[in-house]
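Heavy-atom basis, side chains included; hydrogens, waters and symmetry copies ignored.
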Amino acid sequence: MSDRKIHVMQDTLMNLWMAGWVDQDRNGHVFYSHSRYSDKILANILTTKTGLCDRRFELTIDDVKFVGQPTLVQDVNTKWRQEKSLNRESPTMIMFNLVFVLHASADFSLVQCYQDLSKRLSLALKHEERRCGYLSHQAITMLTVHDEVASLPEDIGDSPFQLMLSRSKLCRDLKNVYDGLCEYGVAHVHINNWIEVSFCLPHKVHNLDLLSIDPDTMEKSLAAIRPYHAMLLLADEKSLLADLPKDCSPSLRRIIKLSTPLKSLQQLSQDADLALSQVFQLVGHMVYWGKATIIYPICGSNVYVLSPHTPTDRFSPLHHEFHEKFNEELTKVLADFSLPTPLSEHTELSMSEADKFKMVVWLLQKRLLVQLHMYVFLITTNISPSQAASPGETKESKKAPLTLTVVDSPTDGAVNSHGSSGSILDNTSFDSDDHSMSTSLDSYSTMSMDDGPARGHSRQKILESLGNHLSSSEKASVMVVPAAANLADLKLFARLCPYFRGKNHLEEIMYFENVNRSQIRTLLDKFKQVLVACQHQDAATIRYKEFL
């Protein structure tokens with residue numbers, strides 16, 4: 001506990017607040033400052049009426065914000081005293097308030113996190129007060145220590161807090177919570193060696209590496225996890241398993257043991273015999289606690305490039321660690337990844353495939369590499385709708401006359417203000433057990449490719465599908481492309497066009513539509529007049545905030 005007194009008012013209440021000033025900036029970085037208020041003033045301003053107990057507490061004075069959750073214990077306290085037949089005249093605790101002190105400008109999500117931690121600790125203390133009067137005993141111990149120090153001569157000037165730490169288990173637990181938040185952003189204590197309280201402060205946990213990640217971005221990234229992703233552990237398996245609570249879910253242990261950077265979450269769910277939805281929850285839990293990150297399974301076609309935040313100092317700890325682990329110079333390896341290149345083309349690395357794999361895993365764990373994915377955008381050309389019919393005309397189409405008319409723009413739900421439709425995933429239902437997709441594109445499998453009238457009918461269905469997903473100008477631009485005259489190419493384009501909005505990368509299209517990379521690249525080349533590709537990171541990587 002540092003320089004904050006734990007003030008006890010007999011027969012009325014008790015206020016507990018954390019060691020020192022638990023000050024944090026907007027990014028969750030903790031530091032110390034000194035109080036400008038006396039203990040008596042703090043005891044008064046942090047004491048609420050009983051009617052306001054068990055609610056979120058927030059008080060801002062100047063540039064300081066006090067947050068917590070006052071907890072009423074008079075009911076459980078009185079019941080415990082009656083059961084133990086204690087002296088009714090001894091001090092009785094009515095309520096207590098465990099308060100964290102933040103900057104007044106602290107982010108709202110940070111305030112909510114500390115209020116949640118205060119609630120968890122308060123509930124654990126209330127439970128132990130009901131069970132064995134633990135909080136009352138600890139309050140008496142602290143008050144006794146305070147009175148002992150107060151009775152000493154003034155010239156001695158000993159602080160009661162060091163003595164409280166040696167005598168009070170609650171003081172040591174609160175100090176451990178404070179130290180854990182300051183150093184790692186994680187708190188893990190056993191109140192009275194009975195109730196376990198675990199807490200993760202994402203503002204701190206995800207700011208320990210090269211980048212700062214806000215919780216809102218992380219929540220969006222977790223929502224972007226897909227079955228084709230993989231989980232990359234940020235620590236070795238043995239240390240992670242050793243840190244797990246004894247009563248943790250067996251499924252979590254199974255996931256940690258079976259996961260590899262080569263295995264997708266879908267394959268992981270099959271190997272672990274767990275539903276895909278449960279795997280998502282467990283993986284999201286690992287990512288939230290900073291124990292893992294989301295990647296695409298490592299393979300030769302993956303394109304990696306240096307992170308813009310990679311340290312280049314040759315004397316940094318990372319360079320020394322890399323040399324000890326791989327007996328190579330980190331600067332030389334980083335130079336090989338200075339340009340985005342598929343992993344299979346990094347032939348200049350003089351090491352075996354197994355060592356190259358371990359090296360890439362290490363670089364990804366240290367956030368030194370980022371993977372780039374290809375995203376496709378559909379663009380329009382200045383073509384009038386009447387010009388779009390000629391390239392698509394064939395002998396069969398003349399037999400069964402087809403005139404390309406201007407199709408009304410799709411509904412607002414399908415096309416946004418810029419003429420772009422939403423992601424196909426917005427209208428997709430994914431079953432976590434059988435991994436089946438239910439979309440309107442299923443009808444494409446029934447299209448006939450035979451010659452004759454059936455061919456004209458198939459073309460008509462394709463044109464109708466294009467009209468459902470594209471605006472009239474986009475459809476007209478597509479139909480003037482020479483490749484649109486080929487029914488097979490046009491059919492594949494109509495099947496994949498909902499993904500051409502820059503929201504789904506090639507690997508995602510390959511997974512959901514069961515097509516290979518060469519098919520998509522061939523289609524991009526044939527329709528290059530209206531399709532533009534670019535590369536950037538996946539939205540599921542919590543470091544890439546701009547795309548979210």
### Query
Is it true that the side chains of S301 and R517 contain a donor and an acceptor less than 3.5 Å apart?
yes
### Query
What closest approach, in Å, do V205 and C200 show between heavy atoms, and which atom pair accounts for it?
CG2-SG, 3.5 Å
## Note on the structure
Which of N504, D538, L506 passes side chain to side chain contact (heavy atoms under 4.5 Å, CB included) with Y375? Answer is D538
### Task
Would you mind reporting whether T293 and L234 have side-chain heavy atoms less than 4.5 Å apart?
yes
### Query
In terms of side-chain geometry, is the basic nitrogen of D336 or K332 positioned less than 4.0 Å from the acidic oxygen of its partner?
no
### Query
In Å, rounded to the nearest 0.5 Å, how long is the span from CG of L276 to OG of S269?
5.0 Å
#### Entry: Heavy-atom side-chain contact between L523 and F500 under 4.5 Å
yes
### Message
Can you give me the closest heavy-atom contact between I195 and A124, atom names plus distance?
### Response
CG2-CB, 3.6 Å
### Message
If only side-chain N and O atoms count, and only distance matters, is there a donor-acceptor pair under 3.5 Å linking D271 with Q267?
### Response
yes
### Task
Give the minimum heavy-atom separation between N516 and M510, together with the two atoms involved.
C-CG, 4.2 Å
### Task
Report the residue from L363, T310, V305 that forms a side chain to side chain contact (heavy atoms under 4.5 Å, CB included) with F337.
L363
### Query
Quick check: are there more than 12 heavy atoms from other residues, nucleotides or ligands sitting under 6.0 Å from NZ of K65?
yes
#### Entry: Residues K356, E353; criterion salt bridge (charged side-chain N to carboxylate O under 4.0 Å, His left out); working and verdict
CA-CA 5 Å; K356 183 189 296 187; E353 291 297 323; 3.8 Å; yes
### Task
For D273, look at atom CG and say whether over 12 heavy atoms of other residues, nucleotides or ligands are found less than 6.0 Å away.
no
### Task
Give the minimum heavy-atom separation between H188 and S198, together with the two atoms involved.
ND1-OG, 2.6 Å
### Task
Applying ring-ring contact (aromatic ring centres under 6.0 Å, His included), name anything that partners Y288, two or more places apart in sequence or on another chain.
none
### Task
Ignoring hydrogens and angles, state whether a donor on the side chain of E328 or H323 is under 3.5 Å from an acceptor on the partner side chain.
no
### Message
Determine whether a donor-acceptor pair (N or O, by modelled atom type, separation under 3.5 Å) exists between the side chain of K263 and the backbone of L258.
### Response
yes
Pair up each side-chain donor or acceptor in residues 246-257 with any protein partner under 3.5 Å, not counting sequence neighbours, and list the distances.
residue : atom : partner : partner atom : Å
S249    : OG   : S251    : N            : 3.2
S251    : OG   : Q278    : NE2          : 3.3
R253    : NH2  : P245    : O            : 3.2
R254    : NH1  : A272    : O            : 2.6

### Message
Using a 3.5 Å distance criterion without hydrogens, assess whether the side chain of H505 forms a donor-acceptor pair with backbone atoms of E508.
### Response
yes
### Query
Side chain of H320, backbone of P317: donor and acceptor closer than 3.5 Å?
no
#### Entry: Minimum-distance pair of heavy atoms, taken over all atoms of L364 and L369
CD2-O, 3.8 Å
### Query
How many angstroms lie between atom CE of M231 and atom NZ of K291, to the nearest 0.5 angstrom?
13.0 Å
## Note on the structure
Shortest non-hydrogen pair, A484 vs V478, comes out as CB-O, 3.6 Å
### Message
So, taking the atom named NE2 in H319 and the one named CD in E329, what distance separates them when rounded to the nearest 0.5 Å?
### Response
8.0 Å
### Message
Strictly distance-based, threshold 3.5 Å: is any side-chain N or O of Q365 a donor or acceptor partner for the main-chain N or O of L233?
### Response
yes
### Query
Is the centre of the F493 ring less than 6.0 Å from the centre of the F527 ring?
yes
### Task
Any chance you could lay out the salt bridge (charged side-chain N to carboxylate O under 4.0 Å, His left out) test for K366 and E321, step after step, and finish with the verdict?
CA-CA 11 Å; K366 301 303 179 181; E321 181 180 350; 3.6 Å; yes
### Message
Set out, in order, the CA-CA distance, both residues' side-chain angles and the distance that settles salt bridge (charged side-chain N to carboxylate O under 4.0 Å, His left out) for R501 and E474, then state yes or no.
### Response
CA-CA 12 Å; R501 303 298 182 184; E474 291 172 334; 2.8 Å; yes
### Message
Exactly one of Y499, Y228, Y296 should register a ring-ring contact (aromatic ring centres under 6.0 Å, His included) with Y511. Which one does?
### Response
Y228
### Task
Any chance you could measure I298, atom CD1, to L232, atom CG, to the nearest 0.5 Å?
6.5 Å
### Task
Return yes when atom NZ of K358 has more than 12 non-hydrogen atoms of other residues, nucleotides or ligands closer than 6.0 Å, and no otherwise.
no
### Residues S109 and H203: side-chain donor-acceptor under 3.5 angstrom
yes
#### Entry: Modelled atom types, side-chain donor and acceptor of Q115 and R56, under 3.5 Å
yes
### Query
Rounded to the nearest 0.5 Å, how far apart are SG of C497 and CG of L378?
8.0 Å
### Message
Can you tell me how far apart CG (L222) and CD1 (I294) are? Round to the nearest 0.5 Å.
### Response
7.5 Å
### Query
When you check the side-chain N and O atoms of Y304 and N302, is any donor under 3.5 Å from an acceptor?
yes
## Note on the structure
side chain to side chain donor-acceptor pair (under 3.5 Å) pairs touching residues 522-533, sequence neighbours excluded, are D489-K526
